[in-house]
Amino acid sequence: MNRLSQALSKTFIFPDNPRMADEHLSQVMPAADTRIRTLVLSGRHLLNQKGNHSPTAVKTARTKQDAMERKTGGGGGGGKEGGKVVLIDPSLVFRPEEAIKKSGWNFRNFETDLTNQWMDTVKQTYLNMHTHQCVEYVQKKHKEWGQFNKFKSTIMEALVKLNDLVDESDPDVQVPNIIHAFQTAERLREAHPEKEWLHLTGLIHDLGKVMAFYGEPQWSTVGDTFVVGCAFPSSIVYRDSTFHNNPDLKNPKFNTKHGMYEPNCGLRNVFISWGHDEYMYQVLKHNKCTLPEEAMYIIRFHSFYPWHTGKDYMHLCDNRDLEMLPWIREFNKFDLYTKKEKVPDIESLMPYYQSLIDKYCPGVLSW
Ligand SMILES: [Fe+2]
Ligand SMILES: [Fe+2]
């Protein structure tokens, strides 16, 4: 792990007092230049605002989340360790699709070891998700997060926040999300050097996971997504064993092929289970970011596996969706990673990505 990552991992134990925080930064990262110092220290100030994820706020959020998860029958596997919010993104742990298995992408085979604790965690997350994500719930989340009144920050500051979100998909490595962001971006840059918008898309595609710092449960932040308001197709992971308590099953209107939607109405007109994809899309739209439509599609639908990989829901798509689908499939190859990947030198990459942020989504955003 490089020096910046090391320093960032200690951001949250910085004192509130600016002078003491500055001294502390000098100790943990003596060689930091002005740009890095500003970034780290501004991240610290952001954390100390009301409603943010200072260590106390994280604790409160986690306590609320734990209480909610206890109430709704299961935790989804998250936990807090030393001020970190631990998320396990099931999309990155368990992929049952034959197409992905044959592709050679490197996944641990959880299916063959059902006693594996991670498999239990994955299934529990999906059980909670498939129990509680219904039309009413998703519409409620659109209203709640659609006010964009949770916090204000630049894209880079939000990335720093993600450093305290450990995607603990693999018990052998704990990769902070900021590392995953830079790895994805750099892999895309290598394969598509001329498409700078795609590099930035890689960097920010998971930024919506910051919802986890504000009490949003795992099953409402990460994992594969699906459409609510129409029949649940068989391509959804654990379709047969996790939906039995979903309230929408009791409403005949929601249980036909098209449900509450018109044929080929376009995915922009359907409600998809709430998670980091939709939230980040809405944040970018609300803040008038100028990324191209392809980028917005990738961010909005990269976890929508029953569609982009399972090939379901085509009857709800319009021509634009089908034109954009190859981009999402291309992107996903770079999002699914192997744990052997080397950690990028974030510090040296920072200026390039900051220039892309300045071009496409500059300044302070409302989240
Ligand atoms: Fe994601
Ligand atoms: Fe990702």
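Computed from heavy atoms alone, side chains included, the values below leave out hydrogens, waters and symmetry copies. In each ligand, atom 1 is the first atom listed, and ligand 1 is the first ligand listed.
Inside a sphere of radius 2.8 Å centred on the Fe ion (ligand 2), the protein N/O/S atoms present are H180 NE2, H205 NE2, D206 OD2, D335 OD1.
With rounding to the nearest 0.5 angstrom, the CG atom of N332 is 6.0 Å from the OG1 atom of T309. Between H130 atom NE2 and W219 atom CH2 the span is 11.5 Å, to the nearest 0.5 Å. Between the CG atom in L365 and the SG atom in C289 there is a gap of 5.0 Å [rounded to 0.5 Å].
Note on E293 versus R320: salt bridge recorded, some NZ/NE/NH1/NH2 to OD/OE distance being below 4.0 Å.
Just one of Y238, W307, F243, F304 meets the ring-ring contact (aromatic ring centres under 6.0 Å, His included) condition when paired with F226; it is F243.
The number of heavy-atom neighbours closer than 6.0 Å to CD of E136, taken from other residues, nucleotides and ligands shown, is 12 or below.
The Fe ion (ligand 1) lies closest to atom NE2 when only the N/O/S atoms of H276 are considered.
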